[in-house]
Amino acid sequence: MCDCENNVVDLQQLKIYTIMAKYKALTNSQQFLYGEKSITITQASSQEELAFVYETLGQTKFVERTE
């Protein structure tokens with residue numbers, strides 16, 4: 001899904017995840033580091049952001065796949 005050495009995300013793959021499932025944040029605010037970038041998820045985060053944190057970063061304690 002990602003070229004981790006170059007911090008490149010396959011956006012087509014990420015869009016497939018959001019079509020196949022819905023995601024829900026389990027925390028009010030949580031910050032993650034991905035390479036040199038910081039990602040903060042909240043209850044208002046987009047499905048793409050939540051899918052990235054769940055599928056790519058594997059943070060199942062903070063994001064739930066509901067479908």
Side-chain angles (χ1 to χ4, degrees):
M1 172 140 181
C2 74
D3 179 1
C4 295
E5 293 176 6
N6 297 320
N7 292 329
V8 176
V9 176
D10 183 354
L11 294 178
Q12 290 295 70
Q13 186 79 20
L14 194 56
K15 292 205 181 285
I16 290 170
Y17 284 130
T18 60
I19 290 170
M20 294 173 53
K22 298 290 181 203
Y23 298 86
K24 174 182 158 185
L26 299 176
T27 182
N28 289 333
S29 180
Q30 183 68 39
Q31 188 172 20
F32 302 96
L33 294 176
Y34 179 69
E36 294 181 11
K37 295 186 179 192
S38 174
I39 301 165
T40 302
I41 59 164
T42 65
Q43 298 293 325
S45 293
S46 71
Q47 288 294 298
E48 287 83 6
E49 291 171 322
L50 295 172
F52 176 76
V53 170
Y54 184 91
E55 301 292 347
T56 303
L57 301 183
Q59 296 296 329
T60 58
K61 289 173 58 177
F62 302 104
V63 178
E64 177 180 63
R65 183 169 52 194
T66 59
E67 291 181 9

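Only heavy atoms go into these numbers, but all of them, side chains included; no hydrogens, no water, no symmetry mates.
Among all heavy-atom pairs drawn from K22 and Q47, the shortest one is CA-OE1, 3.4 Å. For the pair S29 and T40, the tightest heavy-atom approach, listed with the atom from each and the gap, is OG-CG2, 3.8 Å.
Atom-to-atom distance recorded for E64:CD and L26:CG is 5.0 Å, nearest 0.5 angstrom. Here the CD1-CD distance, from I41 to Q31, works out to 11.0 Å after rounding to the nearest 0.5 Å. The CG atom of L57 sits 10.0 Å away from the CG atom of L33 when rounded to the nearest 0.5 Å. Taken from CZ in F62 to CZ in F32, the straight-line distance is 5.0 Å, to the nearest 0.5 Å. Here the CD atom belonging to Q59 is positioned 10.0 Å from the CD1 atom belonging to I39, to the nearest 0.5 angstrom.
Using a 4.5 Å cut-off on side-chain heavy atoms (C-beta onward), T60 and Y54 make contact. Using a 4.5 Å heavy-atom threshold, the side chains of N28 and Q43 count as touching.
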